[in-house]
Amino acid sequence: MLLPPLRRALLGCPRAGLRWQHRIAVEVTNEPILEFKQGSPERAALQKALNDLKGKTEAIPCVVGGEEVWTSDVRYQLSPFNHSHKVAKFCYADKDLLNKAINAAVAVRKEWDLKPIQDRAQIFFKAADILSGPRRAEMLAKTMIGQGKTVMQAEIDAAAELIDFFRFNAKYALELENSQPVSIPISTNSMVYRGLEGFVAAVSPFNFTAIGGNLAGAPALMGNVVLWKPSDAAMLSNFTIYRILLEAGLPPNVIQFVPADGAVFGDTVTSSEHFCGLNFTGSVPTFKHLWKQVSENLDRYRTFPRLAGECGGKNFHFVHSSADVPSVVNGTLRSAFEYSGQKCSACSRLYAPDSLWPQIKAKLLEEHRKIKVGDPAQDFATFFSAVIDDKEIFGPVLTVYVYPEKQYKEILQLIDTTSPYGLTGAVFAQDKHVIQEARTLLRNAAGNFYINDKSTGAIVAQQPFGGARASGTNDKPGSPFYLLRWTSPQAIKETHVPLGDWQYAYMQ
Ligand code: NAD
């Protein structure tokens with residue numbers, strides 16, 4: 001697919017030597033979210049794609065060294081709301097295959113890193129265009145059937161967010177070339193944005209298709225080679241992303257697609273001398289475990305590895321007595337229950353003043369009764385579906401704390417100190433003074449802070465996402481800062497005046 005003329009013109013490579021003076025600007029906007037109304041073409045396309053998947057089991061190999069490989073350790077991904085439907089048959093890479101993948105990736109690293117960023121960015125623009133157009137319905141259907149998402153939850157994740165990650169990352173990577181040091185008449189200074197020296201391990205979760213594509217894609221865009229271990233429960237959608245990237249022109253060895261047992265993957269990658277980065281999203285225990293393994297193996301590595309991890313949260317909605325009750329009720333229902341509460345940003349703690357609680361409670365219960373739980377592919381009125389599996393409380397559970405209205409300041413302190421996490425949170429209040437107090441007291445309680453809006457639904461480039469404390473390293477995917485994690489800049493000075501003497505003038 002051809003790029004629009006404007007984008008092509010702006011991407012034109014500047015003349016060599018003047019590169020540091022040339023400013024690149026790339027126009028990108030957020031992908032529109034489709035509505036899937038009755039009779040719309042997108043609804044018809046999605047229904048066809050869902051029908052095409054009925055009863056089908058897709059065979060998903062490991063892809064190592066540019067070749068599809070099957071091992072004897074065969075696994076299945078089940079549809080969460082219909083366990084009789086095996087949506088994917090895949091196999092685990094063992095330690096030997098993972099080591100082959102490391103060697104194959106490292107072998108192409110230099111060539112990939114030397115490819116101009118303009119060329120690398122084009123691949124991601126093209127992948128975004130494929131996702132936005134011809135493969136959108138397929139991606140949504142696979143995310144719905146495989147991960148139990150509704151139409152809208154699949155659309156905002158597997159279409160809009162993934163497309164936005166690819167386009168905005170490519171834009172930010174191109175514009176990073178504008179960040180250049182000061183040059184003076186006698187010397188030219190420049191910064192080269194190199195990939196990291198080694199391979200990056202991308203370990204992705206089940207709950208966002210887009211995160212899989214971003215964890216593997218962002219380092220690759222920046223000139224890195226990647227071993228991508230997707231979640232067993234998101235294999236179908238994640239393999240489709242991988243194939244789309246190849247179709248868009250990603251050379252075969254840049255990303256090795258290696259489903260594997262978590263512990264085998266973690267042990268193998270962290271014990272390789274070539275390990276130079278971890279791009280992880282998942283639970284706190286897994287991230288801490290990997291971090292400890294990296295520390296234990298530190299002496300083996302050729303370079304200090306970059307560790308990026310986005311983990312969980314116990315996110316809050318704080319309601320002040322001046323709040324708009326419908327916004328509280330509707331925002332909380334969406335945040336706590338959409339995608340069965342399986343979003344890292346889902347609200348699990350609601351703090352309501354005693355003066356408003358009777359109203360809020362009555363309305364919450366009234367609306368909650370209308371929520372339809374079921375098969376999201378059969379019935380588009382379904383609001384949420386089955387949780388992914390029975391391993392952990394990561395589901396539609398909302399706790400409520402009712403406080404004496406006048407004690408709201410103490411409650412803000414409590415919110416700040418009662419949880420080890422710091423991911424997302426929202427304050428509902430019309431009183432501007434209270435909003436300002438909440439902003440100050442909750443400054444460290446959330447990396448994504450919402451005022452009169454729910455705690456979920458961050459959009460790439462609008463609300464870059466992530467939190468600190470136990471919620472992760474807060475590297476803000478969806479912003480230019482995230483890409484800085486995946487580059488190791490080289491500063492170059494070129495002097496134009498010969499050095500005629502070793503002695504300084506003051507010495508004479
Ligand atoms: P998980 O920690 O169980 O698994 C995440 C990934 O790690 C999977 O691919 C898994 O196979 C792998 N893994 C497990 N053990 C491993 C090991 N020893 N070494 C290497 N890899 C290993 O998490 P999950 O259940 O897939 O995802 C849900 C979690 O992710 C929740 O806690 C959620 O809050 C969090 N999450 C956070 C964000 C965010 O941006 N902050 C976004 C989405 C999900």
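Throughout, residue positions are numbered sequentially from 1 according to the sequence presented. Because the structure is predicted, anything quoted here is derived from the model rather than measured.
Inter-residue side-chain proximity for P259 and D232 is flagged as unmet; no heavy-atom pair is nearer than 4.5 Å. Using a 4.5 Å heavy-atom cutoff, the side chains of L441 and D416 are not in contact. Looking only at side-chain heavy atoms (C-beta outward), F124 and N169 stay at 4.5 Å or farther from each other. Between L442 and F316 there is a side-chain heavy-atom pair separated by less than 4.5 Å. Contact of the E247 side chain with the R135 side chain is registered, since non-hydrogen atoms from C-beta on lie closer than 4.5 Å. Side-chain atoms of F125 and L174, non-hydrogen and from C-beta on, do get closer than 4.5 Å to each other. Side-chain contact between N444 and R469: present, with at least one pair of heavy atoms (C-beta onward) separated by less than 4.5 Å.
N238 contributes a side-chain N or O that, together with a main-chain N or O of A234, makes up a donor-acceptor pair within less than 3.5 Å. Q180 contributes no side-chain N or O that, together with a main-chain N or O of N189, makes up a donor-acceptor pair within less than 3.5 Å. Judged by distance alone, the side chain of N297 and the main-chain N or O of T270 form a donor-acceptor pair under 3.5 Å. A distance-only check finds a donor-acceptor pair linking the side chain of S271 to the backbone of T268 [under 3.5 Å]. At least one donor-acceptor pair under 3.5 Å links the side chain of Q77 to the backbone N or O of A233. Between the S345 side chain and the T424 main chain, no donor and acceptor come within less than 3.5 Å of each other. No donor-acceptor pair closer than 3.5 Å links the side chain of N207 to the backbone N or O of K343. Judged by distance alone, the side chain of S79 and the main-chain N or O of I145 form a donor-acceptor pair under 3.5 Å. Judged by distance alone, with hydrogens and angles left aside, the side-chain atoms of R302 form no donor-acceptor pair with the main-chain N or O of G198 at under 3.5 Å. Although no hydrogens or angles enter the test, the distance criterion places no donor-acceptor pair under 3.5 Å between the side chain of D113 and the main chain of R194.
Taken from OG1 in T332 to CZ in F337, the straight-line distance is 9.0 Å, to the nearest 0.5 Å. Separation of atoms CG (L250) and CZ (R120) is listed at 11.0 Å; rounding is to 0.5 Å. Atoms CZ and CD, from F165 and E31 in turn, are 14.0 Å apart once rounded to the nearest 0.5 Å. Between L290 atom CG and Q293 atom CD the span is 5.5 Å, to the nearest 0.5 Å. Considering CZ of F383 and CG of L333, their distance stands at 7.0 Å, rounded to 0.5 Å. Going from atom CZ of F428 over to atom CD1 of I451 covers 11.0 Å, rounded to the nearest 0.5 Å.
For the pair A346 and G341, the tightest heavy-atom approach, listed with the atom from each and the gap, is CB-O, 3.6 Å. Across all non-hydrogen atoms, the minimal contact from E310 to G466 is OE1-CA, 3.4 Å. Closest of all the heavy-atom pairs between R349 and S419 is NH2-CB, 3.7 Å. Nearest heavy-atom pair, L53 versus H85, reported as atom, atom and distance to 0.1 Å: O-CE1, 3.4 Å. Shortest non-hydrogen contact noted between S237 and Q147 is OG-OE1, 2.8 Å. Closest heavy-atom contact between D94 and V264: C-CG1, 4.5 Å.
Among the candidates L236, T143, N214, the single residue satisfying the side chain to side chain contact (heavy atoms under 4.5 Å, CB included) test with T209 is T143.
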(request) Apply the test side-chain contact (heavy atoms from CB on, under 4.5 Å) to residues M139 and I241: give CA-CA distance (whole Å), side-chain angles for both, the deciding distance (0.1 Å), then the verdict. (result) CA-CA 8 Å; M139 273 305 303; I241 301 174; 3.9 Å; yes
(request) Start with the C-alpha gap between N448 and S455, add the side-chain angles, then the distance that decides, and say whether side-chain contact (heavy atoms from CB on, under 4.5 Å) holds. (result) CA-CA 8 Å; N448 282 65; S455 63; over 6 Å; no
(request) Could you go through the side-chain contact (heavy atoms from CB on, under 4.5 Å) check for H317 and Y450 one step at a time? (result) CA-CA 9 Å; H317 278 187; Y450 295 86; over 6 Å; no
(request) Could you please spell out the steps behind the side-chain hydrogen bond (donor to acceptor under 3.5 Å, both in side chains) verdict for Y421 and N315? (result) CA-CA 8 Å; Y421 298 101; N315 311 294; over 6 Å; no
(request) Decide side-chain hydrogen bond (donor to acceptor under 3.5 Å, both in side chains) for T473 and D475; before the verdict, give the C-alpha distance in whole Å, the side-chain angles of both, and the deciding distance to 0.1 Å. (result) CA-CA 6 Å; T473 51; D475 290 300; 2.6 Å; yes
(request) Evaluate the criterion side-chain contact (heavy atoms from CB on, under 4.5 Å) for residue pair V200 and C276; output intermediate values, then yes/no. (result) CA-CA 6 Å; V200 173; C276 70; 4.2 Å; yes
(request) Show your working on salt bridge (charged side-chain N to carboxylate O under 4.0 Å, His left out) between K100 and E67 and close with a plain yes or no. (result) CA-CA 11 Å; K100 274 188 193 149; E67 292 188 356; over 6 Å; no
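Below 30°, between 30° and 60°, or above 60°: for F168 and Y172 the angle between ring planes is between 30° and 60°, a tilted geometry. Ring geometry for F206 against Y339 counts as tilted: the plane angle lies between 30° and 60°, on a 0 to 90° scale. Between Y301 and F275, the ring planes are tilted. Angles from 30° to 60° get that label.
Atom NZ of K314 is surrounded by 12 or fewer heavy atoms from other residues, nucleotides or ligands within 6.0 Å.
A salt bridge does not link E296 with K292: none of the charged nitrogens is closer than 4.0 Å to a carboxylate oxygen. A salt bridge links R136 to E155: at least one charged side-chain nitrogen sits closer than 4.0 Å to a carboxylate oxygen. Salt bridge annotation for E58-R243: present, with a cationic side-chain nitrogen under 4.0 angstrom from a carboxylate oxygen.
Taking the six-membered ring for Trp, Y401 and Y351 have ring centres closer than 6.0 Å.
Cation-pi geometry between K149 and F208 is met: the NZ or CZ atom falls under 6.0 Å from the ring centre, inside 45° of the normal. Taking the centre and axis of the six-membered ring of Y76, the NZ or CZ atom of K86 falls inside the cone set by 45° and 6.0 Å.
Side-chain contact of S488 with E197: a donor-acceptor pair under 3.5 Å is absent, judged by distance alone.
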